[in-house]
Amino acid sequence: SIEGPRLKPGDRVYLLPGRYSGPLLTGDRLTPGTVTCPIEIFGPDIRGGGSLAELTQPIALESASIWLHDLKFVAQNTRGVLSANFANHIRLERLIMRNSYDPASSERDINAVDAPFLEVLSSDFDSEHSEVMNISGADDALVRGNRFVGRPAAHLELGSQIKILENVFT
């Protein structure tokens with residue numbers, strides 16, 4: 001988990017390359033960001049092909065404004081990796097999702113029901129389960145420039161105010 005002072009709106013956390021096996025964010029260490037002043041979590045820039053920050057535990061972003069950049073998720077059999085129900089403004093940018101689940105489960109990489117605003121940008125999804133994301137209740141969402149591979153590619157549960165632009169499905 002992130003140790004140190006309590007995170008507050010406007011804070012930026014930079015993770016070093018490596019595997020993080022504990023919870024990244026916990027409610028007792030977090031004052032939720034706001035729409036205009038989110039908390040931002042950065043991994044090493046993955047565009048250069050260097051080492052990654054790998055997360056093995058899910059993150060709950062409820063009632064917060066948090067932006068996640070350049071992180072790889074490698075969770076096994078958890079209850080959804082990113083839960084952003086009722087969150088304010090969530091931006092997920094340049095994430096790599098390589099999670100595995102029991103095939104009989106209905107878990108998702110991203111569950112953001114009733115999130116007022118959600119952005120999923122330039123991320124790579126190749127996970128073994130029935131749905132990549134459920135953003136059916138989002139008031140407004142943008143899913144742009146992502147890559148969806150395999151069976152999950154056909155399983156996006158979407159709401160009416162969702163913009164799907166420039167994505168690749170294979």
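In terms of heavy atoms, Ser123 sits closest to Leu92 at OG-O, 3.9 Å. Closest of all the heavy-atom pairs between Leu16 and Ala53 is O-CB, 3.8 Å. The heavy-atom pair separating Asn167 from Val143 by the smallest distance is ND2-O, 2.9 Å. Across all non-hydrogen atoms, the minimal contact from Arg98 to Asp124 is NH1-OD1, 3.0 Å.
Within the 4.5 Å cutoff, no side-chain heavy atoms of Val168 are placed close to those of Asn146. At least one side-chain heavy atom of Phe125 sits under 4.5 Å from a side-chain heavy atom of Val120.
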(message) Apply side-chain contact (heavy atoms from CB on, under 4.5 Å) to residues Phe73 and Leu95 and explain how you reach the verdict.
(response) CA-CA 8 Å; Phe73 289 86; Leu95 302 184; 4.1 Å; yes

(message) Tyr20 vs Leu15, test: side-chain contact (heavy atoms from CB on, under 4.5 Å). Steps then yes/no.
(response) CA-CA 9 Å; Tyr20 294 81; Leu15 300 176; 3.6 Å; yes

(request) Start with the C-alpha gap between Leu55 and Arg19, add the side-chain angles, then the distance that decides, and say whether side-chain contact (heavy atoms from CB on, under 4.5 Å) holds. (result) CA-CA 6 Å; Leu55 308 177; Arg19 188 172 210 124; over 6 Å; no

(request) Carefully, step by step, assess Arg91 and Leu121 under the rule side-chain contact (heavy atoms from CB on, under 4.5 Å). (result) CA-CA 8 Å; Arg91 174 180 281 176; Leu121 308 170; 4.0 Å; yes

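For the side-chain contact (heavy atoms from CB on, under 4.5 Å) with Glu119, the qualifying choice from Arg144, Glu93, His89 is His89, the only one to do so.
Note: the hydrophobic cluster containing Val13 also contains Ile90 (ILVMFWY, side chain heavy atoms under 4.5 Å, direct or indirect links). Cluster membership for Leu118 and Ile164, using ILVMFWY side-chain heavy atoms within less than 4.5 angstrom, is shared.
Taking the six-membered ring where tryptophan is involved, the planes of Phe42 and His69 are essentially parallel, since the angle between them stays under 30° and well short of 60°.
Distance CG/Asp70 to CZ/Arg94: 4.0 Å, rounded to 0.5 Å. Taken to the nearest 0.5 Å, the OG1 atom of Thr56 stands 12.5 Å off from the NZ atom of Lys72.
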